[in-house]
There are 2 protein chains.
Amino acid sequence: MQQSNQSPFDVRNRRLMEAKSRPEPSTSPCAACNVRHLTVCDALEGAELQQLAEIVQNVELEPGQPLFDEGERADFVFNVTAGCVKVYKLLPDGRRQVTGFLFAGDFLGLANQDFYAFSAEAVSPATLCRFQRGKLEAAMERFPQLEKRLLGVASHELAVAQEQMLLLGRKTAKERLASFLIKLSESAERRGQSKNPVRLPMTRADIGDYLGLTTETVSRVMTQLKGQGTIALMPNGQVELSDLEKLEDLAGGY
Amino acid sequence: MQQSNQSPFDVRNRRLMEAKSRPEPSTSPCAACNVRHLTVCDALEGAELQQLAEIVQNVELEPGQPLFDEGERADFVFNVTAGCVKVYKLLPDGRRQVTGFLFAGDFLGLANQDFYAFSAEAVSPATLCRFQRGKLEAAMERFPQLEKRLLGVASHELAVAQEQMLLLGRKTAKERLASFLIKLSESAERRGQSKNPVRLPMTRADIGDYLGLTTETVSRVMTQLKGQGTIALMPNGQVELSDLEKLEDLAGGY
DNA sequence: CGTGAAGTTGAGTATGCTCAACGGTGGTGG
DNA sequence: CCACCACCGTTGAGCATACTCAACTTCACG
């Protein structure tokens, strides 16, 4: 049985209290939002954005601070506006599966049921927009294009999830790492950040829990990739993808 | 590297041509549909169902017959009305990950992009309702509750996918099998079929490709579970869950 | 029956895990 | 200001789980 990359005395014990939150000022901040083009909010414009701004609250998280836990009432949905958030599920004995890393523009909290099906926690300092579920649903009634956009987001997430299943079920450790680095690089590029070198804001343990590996294996494979000149490890968790073609070969077609 | 449970000369070579399809008679067959309560179509009623019936076509598949392949233009979406369909992704070297088994009532074909992100193929004789994507989207304009229902389906699928990631990334072979049998049993019950014994319409190879294991491992673990009296193998691919509590323990909390 | 696919079992092995030690780094408090 | 400590990352040795390859049995179907 593989352990989870989780220390017994976990950051979750450091939950500081409620996440800080404050109402937005009344001039439409959504209209001024500099990551809107990445988000579901981009479905709206002008006066609609004004209305959206009225139901949004801002949330700031420190690294390791939980946003919500699996099983809690799903009262809110979120949009990441900066930083990195991980979502994960736990087994009773502590084994962990990170099901995604979310960055600026990513939507978070879709839940069919009344309860979150997963936990969410900041990886790096992060800011999010928070919507009361009921209010967002009301907004979706008024603005059908918002609902349509959300369906698009959900469909996309589904395709991503299927690819991750392929990775977890059928790829080797090296293939998993290669796929991960490439995806992360592409994702950074979409957000207008450095594609190469790419920054890894999460720990080896987080990466392991995302890829279905242990920290040790992640570390070893990194060393291996470094040794063959495919990547180079740089300060601040940056990774240079020195031989992207090689890396794409290793990733096994994805 | 783990192989895929795929024989070189594959059933896909047996694609018979186009799947049989014929228009529905004009009396609303959707109103008479006996699995409607399981489907997205349940969002509609009366005259709306009549309109739906006008854009639906019936598809019948033999075991092993493909419905569509990854990368094809995603012109249709489907609803399974009977039988079992598997959806899967392939790596270039043939390794396969089955991302889901679909049964009566299950919706199929959500695709954000213009192309299917996965392949779909009948496991047992199956019938499906087929909708031209464009026509269904038009119907969603007219009937917003249909779109809402679809968003609900997508959210649910997402939660299921995350649980499967947990299984693939962090569970042992025995836990995977136990989880699988329980889920399948619950799914059968929802459709009003026998919950125990539960029928496995798919091969060991399919199960392996779904659980990220080889056929041999699936077989061995089955034997093991049988040996400890947790399950019993019966004719026709039926499995009796003799000790459900034990099985749930093994499944590791899910 | 005969045939081919599916399923089971066995022997040996490899990949990635476990347990352990150690080096680096950043933050904290004496 | 420096010492300490916790956390993170890396590396090593040994091991276990699940894989590979192979043979054989069972089953469904013609």
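Letters A, B, ... are given to chains in the order of the sequence lines, protein chains preceding strands, and every chain is numbered from 1.
Taking a cutoff of 4.0 Å between a charged side-chain nitrogen and a carboxylate oxygen, A/Arg95 and A/Asp209 do not qualify as a salt bridge. A salt bridge links B/Lys183 with B/Glu163: the closest approach of a Lys/Arg side-chain nitrogen to an acidic carboxylate oxygen falls below 4.0 angstrom.
Nearest nucleotide to the A/Glu216 side chain, out of D/dA18, D/dT11, D/dT10: D/dT11. Looking at the side chain of B/Thr223, the nearest of the listed nucleotides C/dG16, D/dT10, C/dT8 is C/dT8.
Protein atom CD of B/Glu62 is 18 Å distant from nucleotide atom P of D/dA28, rounded to whole Å. B/Met202 has its CE atom 16 Å from the C1' atom of C/dG7, to the nearest Å. Between the NZ atom of B/Lys226 and the P atom of C/dT8 there is a distance of 7 Å, given to the nearest Å. Distance A/Asp93 CG to C/dT18 C1': 15 Å, rounded to the nearest Å. Taking atom CD of residue B/Gln238 and atom C1' of nucleotide C/dA6, one finds them 17 Å apart after rounding to whole Å. Here the C1' atom of nucleotide D/dG9 and the CZ atom of A/Arg204 are 7 Å apart, to the nearest Å. Atom CG in B/Leu213 sits about 15 Å away from atom C1' in C/dG16, given to the nearest Å. Distance A/Lys171 NZ to D/dC19 P: 18 Å, rounded to the nearest Å.
The aromatic rings of B/Phe68 and B/Phe118 sit tilted relative to each other, their planes meeting at an angle between 30° and 60°.
For the pair B/Met222 and A/Lys174, both in contact range of DNA chain C, the more 5′-proximal nearest nucleotide belongs to B/Met222.
Judged as a salt bridge (Lys or Arg N to Asp or Glu O under 4.0 Å), and not counting sequence neighbours, A/Asp243 has no contacts. Not counting sequence neighbours, the partners of A/Leu241 by the side-chain contact (heavy atoms from CB on, under 4.5 Å) test are A/Leu181, A/Ser185, A/Asn196, A/Val198, A/Ile231, A/Val239, A/Leu244, A/Leu247.
OP1 or OP2 of D/dC19 lies within a sub-4.0 Å distance of a side-chain N or O belonging to B/Thr217. An OP1 or OP2 oxygen of C/dT9 is reached within less than 4.0 angstrom by no side-chain nitrogen or oxygen of B/Ser219. Between A/Thr215 and the phosphate of D/dG9, there is no side-chain N or O to OP1/OP2 separation shorter than 4.0 Å. OP1 or OP2 of C/dC17 sits under 4.0 Å from a side-chain N or O of A/Thr214.
The side-chain tip of A/Arg73 points at the ring of A/Phe115 from less than 6.0 angstrom away and within 45° of straight on.
Taken over five-pair windows at either terminus, the axes of the helix from C/dC1-D/dG30 to C/dG30-D/dC1 are inclined to one another by 40° (rounded to 10 degrees).
Of the possible donor and acceptor atoms, one in the side chain of B/Ser124 sits under 3.5 Å from a partner among the backbone N and O of B/Cys84.
The residue A/Leu233 sits close only to the backbone: its heavy atoms come under 4.0 Å of sugar-phosphate atoms, none of a base.
The base of C/dG7 does not come close enough to the side chain of B/Arg220 for any donor and acceptor atom to sit less than 3.5 Å apart.
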